[in-house]
Trainee: 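Okay, here's the structure, questions in a sec.
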2 protein chains.
Amino acid sequence: MTPSRHSDALRAAQLYYLQDLTMDAIARELRTSRSTVSRLLSSARESGLVQIQIRSPLDTGPELASMIRAEYKVDVHVVPVVDTLNEAETLDRVAMQAARTIGPLVDSNAIIGVAWGSTLSAVSRHLTRKITHDSVIVQLNGAGNMQTTGITYASDIMRRFGSAYGARVEQFPVPAFFDHAATKKAMWNERSVQRILQLQARMSIAIFGVGSVDADYPSHVYAGGYLDEDDLNVLANSDVVGDVATVFFRADGSADGITLNERSTGPDLAQLRQVRRRICVVSGASKINGLRGALTAGLATDLILDEATARRLVSFDGVS
Amino acid sequence: MTPSRHSDALRAAQLYYLQDLTMDAIARELRTSRSTVSRLLSSARESGLVQIQIRSPLDTGPELASMIRAEYKVDVHVVPVVDTLNEAETLDRVAMQAARTIGPLVDSNAIIGVAWGSTLSAVSRHLTRKITHDSVIVQLNGAGNMQTTGITYASDIMRRFGSAYGARVEQFPVPAFFDHAATKKAMWNERSVQRILQLQARMSIAIFGVGSVDADYPSHVYAGGYLDEDDLNVLANSDVVGDVATVFFRADGSADGITLNERSTGPDLAQLRQVRRRICVVSGASKINGLRGALTAGLATDLILDEATARRLVSFDGVS
DNA sequence: AAGCACTATGCACAAACGTGCAGAACGGAA
DNA sequence: TTCCGTTCTGCACGTTTGTGCATAGTGCTT
């Protein structure tokens, strides 16, 4: 009974959230049982019919969020955590809040660029549904590596985004890094690749994590067989601090002359900065160096991170 | 303890609405009692920190809302009502939903034009707080009449808007109608009046009800001593169907040649149509004729009305 | 320092809510 | 029509949440 059920859900949501009736009262109004109303409301939230968002006041005293906001000119969402939480639990919380924060930003006709990695994977698992039209999810960078084509991992993430927002999914079926810059150049002229690149150029939202070269638990990129020994050595001996979508940068935000980027498949930083809404999700204080670089480079317009990392971000700034 | 209390509220709201923790769990995390958390969350909702909104899908089958939307090109919010409700209860519901719907549209630096009348009065009583900066509430039309200066009534409405959004309030201290068009012309050149007019010209949101000449319970305008016998007779014998902010119009949406408007203090229809967001709130099916005129005139971008009126609106259209 | 007015807190109880479960209703397929 | 699988519904129970009240805390005045 999808037709009337949907409109019942809308009605119930209006009465509950907009008029503060109790479920009991709504049940009487809809001539059904209270439990059904409870379920209608669940499905209304579930399907994105009801949107709950938290607008952190932009001016709250000298707090973490506002300090970071002032320093880096980004919209900050600090996820509260308690120190008894471990890495995985923290990631889960951050991902959940990120998913819910992204929801309201997504709209019809959006082109949403999505990177991959453990952070994005976690986020994708917590997305709340929201019905949109003619939206597209486009993969930001290739995911193939020397062992696998990377299909399953990255495409699961993409697929979850797609189904949460009812959007078309456009994969980017190339390796994360080419072995030879020349191959990349050649591929970039292929029409199948051009199509993806042109979508990327028209992105209205980009969502990504950051990799940090010196993280305690190195990101997929640094550990997952994407780069060989030589590459890793070069990285370690350079002043690269991290990456976004497999594009590397230094602490000062610069990326020029980093040869690895010539073989990488992610959007270059200048192009990324063109995107109206660039959402960076970070969990785990050990990513701090990569994060600072990304912020300095102006890669993000919105930052969602856990409290512990936020604290380190500002204390570092104070020291330096 | 406003500083930490506020940030506790934010934290609680994030944990509750964004991460689905129970209040109990949040209480432990904040080292306080569950009841305090309950109260923190109340105040977070209360103060507009948490925004709940319902996005009615724009494409739901052949329903009331979408029929009206298609016909008049407005964003429609139909307020569900049961037929056991009387006029006053319906108005209350509509007003409540209107207030909550308006909330998310208000933002910092907004200039919000507000009319007066029983509908607006009801709406003003249900506004939810939302902190904004440098917003202004500006009165759309004068409220003085032959008995009183209209100060208390209209200014209560304005004041409530102002305090809900933390906005400056700009009253319009003139009568609703001048006795002589010439006086209006003269006053319109006064600098004190000019200031208000210029604010009105820069409005980003306008909120108003409609008056209908043949309503069962005539609006304030037609009954409150704003117009004398002669005026009312002229109206009754003309083809005027209603008014918005004391500016009259015909069923076809036209207003040219209606002499009363030359003495009225509301913004003329062309000017009103310049406003980006024009929110019309209507409760009570007897206002149908005025409403149709207003919609035909393209005065509203958003319409909030009760279900019964919505139903009559489309059935009329079907018949004619 | 004491007194006072006001606000915030936790307790305890009542109200409101979510959900497993069993039965009803529905929608094909035979 | 009957059967079976699926979905929807209401009940009953346990959990979660709101709130009046007494108490503790806070800041301001004298």
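Naming convention: chains lettered A, B, ... in sequence-line order (proteins, then strands); numbering from 1 in each chain.
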Trainee: Tell me whether the OP1 or OP2 atom of C:dA16 has a side-chain N or O from A:Tyr16 closer than 4.0 Å.
Mentor: no

Trainee: Do A:Arg277 and A:Asp302 have side chains that approach each other closer than 4.5 Å (heavy atoms only, starting at C-beta)?
Mentor: yes

Trainee: To the nearest 10°, give me the bend of the helix from C:dA1-D:dT30 to C:dA30-D:dT1, comparing the axes of its five terminal pairs at either end.
Mentor: 30°

Trainee: Kindly compute the distance separating CZ (A:Phe161) from CG (A:Asp156), expressed to the nearest 0.5 Å.
Mentor: 12.5 Å

Trainee: Does a nitrogen or oxygen in the side chain of B:Thr32 sit under 4.0 Å from OP1 or OP2 of C:dT9?
Mentor: no

Trainee: Find the distance A:Arg28:CZ to D:dG10:P and express it as a whole number of Å.
Mentor: 14 Å

Trainee: How many angstroms lie between atom CG of B:Leu291 and atom CG of B:Leu303, to the nearest 0.5 angstrom?
Mentor: 6.0 Å

Trainee: For a 4.5 angstrom cut-off between non-hydrogen side-chain atoms, does A:Asp92 reach A:Met96?
Mentor: no

Trainee: Distance check needed: D:dT15 C1' versus B:Leu21 CG, whole Å only.
Mentor: 16 Å

Trainee: What I want to find out is whether A:Asp306 reaches A:Arg93 closely enough, with some N-O distance under 4.0 Å, to be called a salt bridge.
Mentor: no

Trainee: Taking side chain as C-beta onward, heavy atoms only, is B:Gln97 less than 4.5 Å from B:Pro80?
Mentor: yes

Trainee: Any heavy-atom pair between the side chains of A:Lys287 and A:Thr119 that's under 4.5 Å?
Mentor: yes

Trainee: Does a donor on one side chain sit under 3.5 Å from an acceptor on the other, for B:Ser38 and B:Arg34?
Mentor: no

Trainee: To the nearest Å, give me how far apart CG (B:Leu15) and P (D:dT17) are.
Mentor: 13 Å

Trainee: How many whole angstroms separate atom CZ of B:Arg34 from atom P of C:dC13?
Mentor: 14 Å

Trainee: So that I can tick it off, tell me whether A:Arg11 and A:Asp8 are bridged by a salt bridge, with the cut-off set at under 4.0 angstrom between side-chain N and carboxylate O.
Mentor: no

Trainee: Between C1' on C:dC17 and CG on A:Asp20, what's the gap in Å once rounded to a whole number?
Mentor: 15 Å

Trainee: Which residues within residues 36-45 of chain A lie with some heavy atom under 4.0 Å of an atom in DNA chain D?
Mentor: A:Thr36, A:Arg39

Trainee: C:dC11 P sits how many Å from B:Asp24 CG, rounded?
Mentor: 12 Å

Trainee: Please report, rounded to the nearest Å, how far the C1' atom of D:dT16 is from the CE atom of A:Met23.
Mentor: 11 Å

